[in-house]
S.K.: 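Sharing a structure here in structure tokens format.
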Amino acid sequence: MNTLRISSRFVHLCLVLLTGVSAFSAETKAATKSATIIPPWKMPSHEWLLKQIPPPPAPNTPAGKADLEKVIRIQAAATPKQIALAQWDYKLSVFTYSEVLGKNFTAKRFPKTAALFLGLNNLIQVENNYMKNHFKRPHPFELDPGHVKRIVIAPPGYSYPSYHSARCVVFENVLTTLDPAHAKDFHLVSEQVEIDRVLGGEHFPSDLNAGKKLGHLIYAALLKDKNFVAAVNELKAEEWTPPPAGAKNIKILVPKMPR
């Protein structure tokens with residue numbers, strides 16, 4: 001089967017799922033209903049990936065206590081605006097990057113982009129869930145409910161590594177390939193989404209680090225897959241030439257991580 005057929009079939013399948021879904025939530029809702037639809041892009045084995053990710057610090061160790069203390073401190077310093085933003089960008093999709101690409105960057109206007117990133121979303125979810133179910137680390141709000149607020153209500157599960165961080169790394173790299181001029185701004189949005197997971201009480205800082213490492217490993221594997229590279233090149237030609245006009249006034253709020 002040639003590369004074009006594989007990418008076209010996958011895009012068509014995802015577009016069927018996306019039909020009739022609202023612009024911002026299209027990718028997220030489709031991913032929820034179609035978590036088993038994984039694109040044919042080759043990944044290393046779960047076992048190999050697991051060996052590359054160090055275990056999280058134990059709760060009662062100095063590193064574990066410091067990890068928790070950072071969550072408490074960043075929540076204590078959060079403004080109402082930062083809290084509202086953390087609640088908004090919890091619903092991460094490629095269209096979260098409309099902060100950079102403008103209000104016209106939607107699933108309705110960019111359906112093939114929505115389809116490809118839906119595939120990435122599902123692929124990363126499978127790899128990340130394997131890690132989470134291995135390490136079984138509680139979320140900060142579960143470990144210390146007396147001091148950590150649950151600002152964002154996430155589905156039941158584990159904390160380590162951060163699924164958002166892994167996706168942000170991959171999404172940012174693919175978006176930079178599609179639109180190199182906005183590389184720095186894409187990175188700022190990724191940083192914003194990641195640190196907001198700590199602010200939201202969902203994740204420890206070490207969860208973010210592990211998630212980012214996993215994201216880099218996944219993206220490195222994707223670059224070795226000819227089908228994936230061809231799919232991105234096809235997408236760039238069809239929907240990103242030229243790229244979206246971009247937001248007129250880019251305002252990205254990234255709170256600082258306590259040391």
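For the numbers below, each heavy atom of this structure counts, side chains included, while hydrogens, waters and symmetry mates do not.
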S.K.: Looking only at non-hydrogen atoms, find the nearest pair between K108 and P111 and report the distance.
M.R.: O-CD, 3.7 Å
S.K.: Any heavy-atom pair between the side chains of P59 and L143 that's under 4.5 Å?
M.R.: yes
S.K.: Are V198 and I153 linked, directly or through intermediate hydrophobic residues, by side-chain heavy-atom contacts shorter than 4.5 Å (ILVMFWY only)?
M.R.: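 Different hydrophobic clusters.
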S.K.: Ignoring hydrogens and angles, tell me if any N or O in the side chain of H139 forms a donor-acceptor pair with the backbone of E202 under 3.5 Å.
M.R.: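 Side chain of H139 to backbone of E202, a donor-acceptor pair under 3.5 Å: yes, one is there.
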S.K.: Would you say Q75's side chain and K149's backbone share a donor-acceptor pair under 3.5 angstrom?
M.R.: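 At least one qualifying donor-acceptor pair exists.
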S.K.: Does one hydrophobic cluster hold both Y158 and Y130, with members joined at side-chain heavy-atom distances below 4.5 Å?
M.R.: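 As far as the 4.5 Å side-chain criterion goes, Y130 and Y158 are not connected within one cluster.
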S.K.: Does some side-chain heavy atom of Y90 sit less than 4.5 Å from a side-chain heavy atom of D196?
M.R.: no
S.K.: Could you check, using the six-membered ring where one of them is a Trp, whether F171 and F117 have ring centers closer than 6.0 angstrom?
M.R.: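 Under 6.0 Å, so yes.
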S.K.: What distance separates E172 CD from D185 CG, expressed to the nearest 0.5 Å?
M.R.: 10.5 Å
S.K.: So H187 and E191, do their side chains get closer than 4.5 Å, heavy atoms only?
M.R.: yes
S.K.: What about V174 and V126, same hydrophobic cluster or not, with Ile/Leu/Val/Met/Phe/Trp/Tyr joined at side-chain heavy-atom distances under 4.5 Å?
M.R.: yes
S.K.: Given side chains that start at C-beta, do those of P243 and L178 come closer than 4.5 Å, heavy atoms only?
M.R.: no
S.K.: Return the minimal non-hydrogen interatomic distance between P39 and G119, and the atom names on each side.
M.R.: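 The answer is CD-O, 3.5 Å.
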S.K.: Any sub-3.5 Å donor-acceptor pair from N133's side-chain atoms to N129's backbone N or O?
M.R.: yes
S.K.: Inspect the surroundings of NZ in K136 and state if more than 12 heavy atoms from other residues, nucleotides or ligands are less than 6.0 Å away.
M.R.: yes
S.K.: The criterion is salt bridge (charged side-chain N to carboxylate O under 4.0 Å, His left out); which residues satisfy it with K132, sequence neighbours excluded?
M.R.: none
S.K.: Ignoring hydrogens and geometry, is there a side-chain-to-backbone donor-acceptor pair from R150 to G200 under 3.5 Å?
M.R.: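 Between the backbone of G200 and the side chain of R150 there is no qualifying donor-acceptor contact (under 3.5 Å).
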S.K.: Roughly how far apart are L101 CG and T106 OG1, rounded to 0.5 Å?
M.R.: 11.5 Å
S.K.: Is there a donor in the side chain of S206 and an acceptor in the side chain of R137, or the other way round, less than 3.5 Å apart?
M.R.: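 A donor-acceptor contact under 3.5 Å links the two side chains.
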S.K.: Any idea which heavy atoms bring G201 and V148 closest together, and the distance?
M.R.: CA-CG1, 3.8 Å
S.K.: I'd like to check the side-chain contact (heavy atoms from CB on, under 4.5 Å) partners of A63; sequence neighbours left out, ordered by chain and number.
M.R.: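 A63: side-chain contact (heavy atoms from CB on, under 4.5 Å) contacts with P57, T61.
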S.K.: A side-chain contact here means heavy atoms from C-beta on lying under 4.5 Å apart; do I151 and F141 qualify?
M.R.: no
S.K.: Quick check for you: to the nearest 0.5 Å, what is the distance between L235 atom CG and T113 atom OG1?
M.R.: 4.0 Å
S.K.: Under 3.5 Å, is there a donor-acceptor pair linking the side chains of D207 and S159?
M.R.: yes
S.K.: Under 4.5 Å between any side-chain heavy atoms of P205 and V71, yes or no?
M.R.: yes
S.K.: Thinking salt bridges, do K112 and E238 make one under a 4.0 Å N-O criterion?
M.R.: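 Salt bridge between K112 and E238, a charged N being under 4.0 Å from a carboxylate O: yes.
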S.K.: From L92 CG over to R167 CZ, what is the distance, rounded to the nearest 0.5 angstrom?
M.R.: 4.5 Å
S.K.: Go through the steps to decide whether K70 and F204 satisfy the test side-chain contact (heavy atoms from CB on, under 4.5 Å), and finish with yes or no.
M.R.: CA-CA 8 Å; K70 287 180 180 179; F204 299 94; over 6 Å; no
S.K.: Could you state the interatomic distance from OH (Y163) to NE2 (H203), rounded to the nearest 0.5 Å?
M.R.: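 One gets 11.0 Å once the value is rounded to the nearest 0.5 Å.
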S.K.: Hydrophobic cluster membership, with links at side-chain heavy-atom distances under 4.5 Å among I/L/V/M/F/W/Y: are L175 and V169 in one?
M.R.: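 Not linked; separate clusters.
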S.K.: Heavy-atom distance under 4.5 Å between the side chains of H46 and H134, does that happen here?
M.R.: no
S.K.: Specify the closest pair of heavy atoms between M131 and P161, including all atoms of both residues, with the distance to one decimal.
M.R.: CB-CD, 3.3 Å
S.K.: Holding to ring-ring contact (aromatic ring centres under 6.0 Å, His included), I want the full list of residues that pass it with Y219, two or more places apart in sequence or in another chain.
M.R.: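 In terms of ring-ring contact (aromatic ring centres under 6.0 Å, His included), with neighbours along the sequence ignored, Y219 is linked to no residue.
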S.K.: Applying the 4.5 Å side-chain criterion to the ILVMFWY set and letting contacts propagate, would I38 and L49 be lumped into a single cluster?
M.R.: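 Yes, I38 and L49 fall within the same hydrophobic cluster.
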S.K.: How long is the gap from CG on D89 to CD on E194, to the nearest 0.5 Å?
M.R.: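 One finds 10.5 Å between CG of D89 and CD of E194.
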S.K.: Quickly, which of L123, I218, V229 forms a side chain to side chain contact (heavy atoms under 4.5 Å, CB included) with W41? Name it, please.
M.R.: L123
S.K.: Do R109 and F105 form a cation-pi contact, if we require the NZ or CZ to be under 6.0 Å from the six-membered ring centre and within 45 degrees of the ring's axis?
M.R.: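 Judged by the rule, R109 and F105 form no cation-pi pair.
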S.K.: Hey, does the side chain of K213 reach the backbone of I53 with a donor-acceptor pair shorter than 3.5 angstrom?
M.R.: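 Not at all, since once roles are kept as given, no pair shorter than 3.5 Å links the two residues.
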S.K.: With a 4.5 Å limit on heavy-atom distance, are the side chains of L222 and M43 in contact?
M.R.: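 Yes, at least one pair of side-chain atoms sits under 4.5 Å.
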